[in-house]
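What follows is a set of notes on a single structure, which appears directly below.
Excluded from the calculations below are hydrogen atoms, water molecules and symmetry mates; all remaining heavy atoms, backbone and side chain alike, are included. Both ligands and their constituent atoms are indexed starting at 1 by order of listing. Quick caveat: nothing in here was measured; it's all calculated off a predicted structure.
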Amino acid sequence: MMFRKALEDNQILIFDGGMGTLLQAKGLKPGQSPEIFGQQHPEVIEGIHKDYIRAGARVVTTNTFGGTRFKLGPDIDVKRFNREMALVARKAAGDRAFVAGSVGPTGKMIKPLGDVSFVELVQAFKEQILGLVQGGVDLILGETHFDLAEARAVVVAAREVCDLPIGISMTFEQGASLTGTDGLTFIDTMQNMGVDMVATNCSAGPEGFLTVVREMLQRLEIPLLVEPNAGLPELENGQTVFRLGPQDFAMQTAKFVSLGVKALGGCCGTTPEHIRALCAEIKDRKYVPPSPSKKPCIVLTSRSQSVPFGFEFKPVIVGERINPTGKKDLSAELQAGQLTRAVELAQEQIEQGATVLDVNVGAAMVNEQEVLPALIAALVSRFDCPLCLDSSNEEAIREGLFQYPGSALVNSISGEEGKMDRLGPICRDFGAPFILLPLKGNKLPVTAKERLSIIESLLARAFDLNIPKRLILVDALALTVSSKPEAAMACLEVIRYCREKWNLGTIMGLSNISFGLPARELINSTFLAMCLAHGMTSFIANPNSARLQETLYAANVLLHKDPQAGEFIAKFSRWSPGEQRIVKEQDKDLSCENASKVQLAVIKGDKDRIVELLEQEVTEGRDPFELVDKELIPAITEVGEKYEKKEYFLPQLLLSAETMQKGFEFLRPFLEKKGKKKGPKVIMATVEGDIHDIGKNIVCLMLKNYGFDVLDLGKDVPAEEILRAVREHKAALVGLSALMTTTMVKMEDTIKLIRKKNIPCKVMVGGAVVTEVFAQKIGADGYASDAVAAVKLAQSLVEK
Ligand code: THG
């Protein structure tokens with residue numbers, strides 16, 4: 001029978017007991033290594049295995065606990081030793097019992113606690129496991145582990161070497177392992193990694209295991225093995241002895257069956273007699289798996305904390321602030337490889353209530369592959385909070401996962417060609433949940449339908465790769481509501497669909513939604529409440545917002561996640577309602593009292609009436625040129641000023657620009673008839689790889705309104721194509737846009753190409769992550785922070 005089958009049936013599975021105490025009785029000297037002793041006396045080991053099988057054990061464990069090169073030393077052939085010990089067990093067991101290949105701790109601590117790296121540990125375990133596999137073991141059993149990172153290394157190593165079932169056992173004292181892992185964090189991490197069985201052994205007698213086993217059962221979804229000692233060790237004439245006799249041991253250990261434990265065995269001090277008594281005690285008992293009361297969608301862990309995301313759990317705030325976007329100080333530090341500010345931001349956000357931290361070091365001139373792992377190491381050694389690795393650089397993510405001791409959240413896997421195939425299996429093997437980002441190709445999916453179709457196809461691919469749902473969190477994709485008015489409602493639909501159809505949790509970068517609007521926190525917190533009502537399980541945001549926190553705690557009461565409103569009351573019992581802070585709407589016409597009808601139409605964005613008004617003026621004999629110069633341009637200039645003064649926001653700017661554009665189109669035939677020469681030629685493009693064009697489109701509109709002759713090449717435009725257009729049209733000016741740090745480098749390529757060909761054309765750049773400093777560095781002629789600034793810049797560049 002295969003071991004996996006035995007895990008699935010309803011039998012209680014009995015493992016063997018201790019080896020060390022028995023070996024002492026057979027001549028092992030205090031201080032001598034049981035491994036070397038076993039190599040010299042294989043017949044003794046074989047005898048012990050046989051004794052356990054006769055006593056009723058269905059699984060025996062190889063004498064290879066200290067079988068890595070770190071414990072065996074340089075003189076022993078690791079692979080051969082493990083193979084021989086496995087063969088001894090196999091010989092004793094035949095087909096009557098399973099053989100578990102024991103893999104204990106190396107005695108080395110992983111960096112930065114000690115001096116070995118994760119990769120070195122994996123190497124050492126692989127060597128050992130290869131020998132065990134060659135000797136014919138039925139499963140790999142990591143035993144008595146006390147460090148989560150090392151336990152993970154056993155799993156990764158076993159996966160690289162074989163397809164055998166894997167069980168991992170951790171030992172806990174007073175609720176935590178030596179390096180601070182509790183039972184829940186342990187099983188959450190191991191279940192994420194997809195191991196076949198979890199276990200706990202050593203440290204105490206059966207009764208000392210109750211608390212930690214109960215803790216694990218809350219979320220246990222796979223078989224659990226419990227192997228207690230024969231009581232607590234006592235010192236007797238300088239020797240450790242275990243005094244719990246076979247009958248008491250058996251009675252106490254058998255009690256775990258009714259809690260939902262699948263497998264039982266013994267650790268230090270237990271003998272074949274203990275196992276015989278245990279078998280008698282559990283005869284006629286059946287395995288009844290526990291049924292966890294609340295099942296999370298995904299769980300993230302650090303070495304010492306586990307954070308569940310799910311419909312019955314509180315929403316998780318992922319702190320967004322370790323992100324150089326818009327932060328000059330942080331960008332400068334990361335460029336210099338310094339981590340002080342990032343560590344400070346971590347501290348602040350944890351104090352402000354973040355339970356997970358997003359870590360993004362993506363800025364121009366930062367080597368993410370080096371900086372991300374270094375920052376992860378720095379954060380892991382200081383804070384308990386699990387991390388979300390936010391990078392589009394796959395190598396940086398992979399290096400980050402090597403550095404990380406638990407289950408980090410990978411941000412993200414999009415529909416980009418091949419991305420799921422490359423990153424999905426890594427996430428699966430490292431037990432790292434990931435954010436599925438519904439972006440594909442070069443069109444932003446605005447409607448729910450478009451998003452759902454990408455989500456469905458990515459899910460299908462993930463399931464093909466054997467990625468379980470417990471590793472998937474969907475990004476509902478918060479876009480900017482001021483330019484895509486239906487995009488917020490699409491998020492709600494995505495959230496509900498993921499929950500109802502797939503039982504999948506969701507997340508979003510909340511603040512994207514309010515870009516370009518005033519009182520952004522008002523929009524953000526209102527949208528948060530809506531999303532939570534639809535079942536969103538987490539969000540990426542700045543935790544340092546009172547309004548967001550107020551909304552969150554209030555929503556927890558309303559969605560029955562804060563029983564008796566306990567937390568809410570504790571936090572807000574002394575809260576005082578603020579005065580209404582709506583500033584009186586300014587007397588609309590005050591600031592434009594001298595405006596004409598046409599001007600007012602542009603300023604108010606009356607796009608339905610602008611043509612009619614202009615038509616009337618033309619009929620009455622007004623000069624079309626004068627209408628442009630004295631009416632439209634002054635009006636849009638007024639709008640630009642209002643935007644700069646923050647009286648106007650993105651929606652109004654857009655509306656006025658469209659209105660002006662309509663007016664302009666109406667006047668164009670009259671202007672051309674009269675032979676007005678066109679304004680300066682400007683080529684506009686979003687650079688290659690980048691599909692964001694809201695900003696660029698607004699700039700195009702504004703430039704046209706100021707008389708520029710704009711050619712818009714669209715988005716995702718390669719440098720060569722931009723060069724070709726510049727040449728063909730003899731453009732005076734090129735405007736390049738990029739939203740993402742990953743694509744802003746393409747601006748530099750484009751500028752280099754234009755300069756190389758010695759073309760006398762000016763280049764201006766802009767976009768969310770672009771800065772003045774970056775613009776200078778890549779040799780642009782100017783940088784504009786928004787559409788109004790872009791017009792001014794364009795005018796000054798073509799004048800020169
Ligand atoms: N989905 C996923 N991941 C994401 C996003 C998403 N990661 C990045 C982003 N969106 C979420 N993170 C941020 C981080 C910073 C800001 C917004 C979103 C931000 N920064 C301020 C600025 O640019 O002006 C600076 C604020 C400050 O100083 O703290 O707004 O959607 N999966």
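- For Gln549 (side chain) and Ala546 (main-chain N/O), no donor-acceptor pair under 3.5 Å exists by modelled atom type.
- In terms of protein heavy-atom proximity, atom 13 (C) of ligand 1 is closest to Glu320 OE1, 3.4 Å.
- Side chains of Thr301 and Thr185: a donor-acceptor N/O pair is absent below 3.5 angstrom, by distance only.
- Look at Glu550 and Lys571 and you find no salt bridge, because none of the NZ, NE, NH1 or NH2 atoms lies under 4.0 Å from a carboxylate O.
- Close contacts between ligand 1 and Gly326 involve ligand atoms 23 (O) [criterion: under 4.0 Å to a heavy atom].
- Near Asp390, meaning under 4.0 Å from any of its heavy atoms, are these atoms of ligand 1: 4 (C), 7 (N), 8 (C).
- With atom 25 (C) of ligand 1 as the reference point, the heavy atom nearest to it among Ile322, Asp475, Thr325, Asp329 is part of Thr325.
- Any N or O atom pair closer than 3.5 Å counts here, and Ser511 shares no such pair with ligand 1.
- Counting protein heavy atoms under 4.0 angstrom from atom 9 (C) of ligand 1 gives zero.
- If you check which protein heavy atom lies closest to atom 11 (C) of ligand 1, you get Ile540 CG2, 3.9 Å.
- Inspection of the Asn192 and Arg470 side chains reveals an N or O donor paired with an N or O acceptor under 3.5 Å.
- Some N or O of Asn512 is nearer than 3.5 Å to an N or O of ligand 1, by distance alone.
- Atoms of ligand 1 found under 4.0 Å from any heavy atom of Gly509 (numbered from 1 in listed order, with element): 1 (N), 6 (C), 31 (O).
- Residue Lys327 holds the heavy atom nearest to atom 29 (O) of ligand 1 of all those in Lys327, Glu348, Gln349.
- Ring geometry for Trp502 versus Phe463: interplanar angle of 30 to 60°, hence tilted.
- Contact between Asn360 and ligand 1 is absent, with no heavy atom of the residue lying under 4.0 Å from the ligand.
- Shown in contact with Ile435 at under 4.0 Å from a heavy atom are these atoms of ligand 1, numbered in order with element: 32 (N).
- Within the listing of ligand 1, atoms 8 (C), 12 (N), 13 (C), 14 (C) sit less than 4.0 angstrom from a heavy atom of Asn323.
- Residue pairs meeting the salt bridge (Lys or Arg N to Asp or Glu O under 4.0 Å) criterion with at least one member in residues 398-411, sequence neighbours excluded, are Glu395-Arg398.
- Atoms of ligand 1 lying under 4.0 Å from any heavy atom of Arg321, numbered from 1 in the order shown and given with element: 29 (O).
- Salt bridge present: Glu344 and Arg341 bring a charged side-chain N and a carboxylate O closer than 4.0 Å.
- The two atoms that bring Leu510 and Phe527 nearest to each other are CD1-CD2, 3.9 Å, heavy atoms only.
- Between Tyr643 and Phe649, the ring center distance fails the sub-6.0 Å criterion.
- Distance from atom 3 (N) of ligand 1 to its nearest protein heavy atom, with residue and atom name: Asn411 ND2, 3.0 Å.
- Gln369 and Asn393 make their closest contact through OE1-ND2, 3.8 Å (heavy atoms, listed as atom of the first residue, atom of the second, distance).
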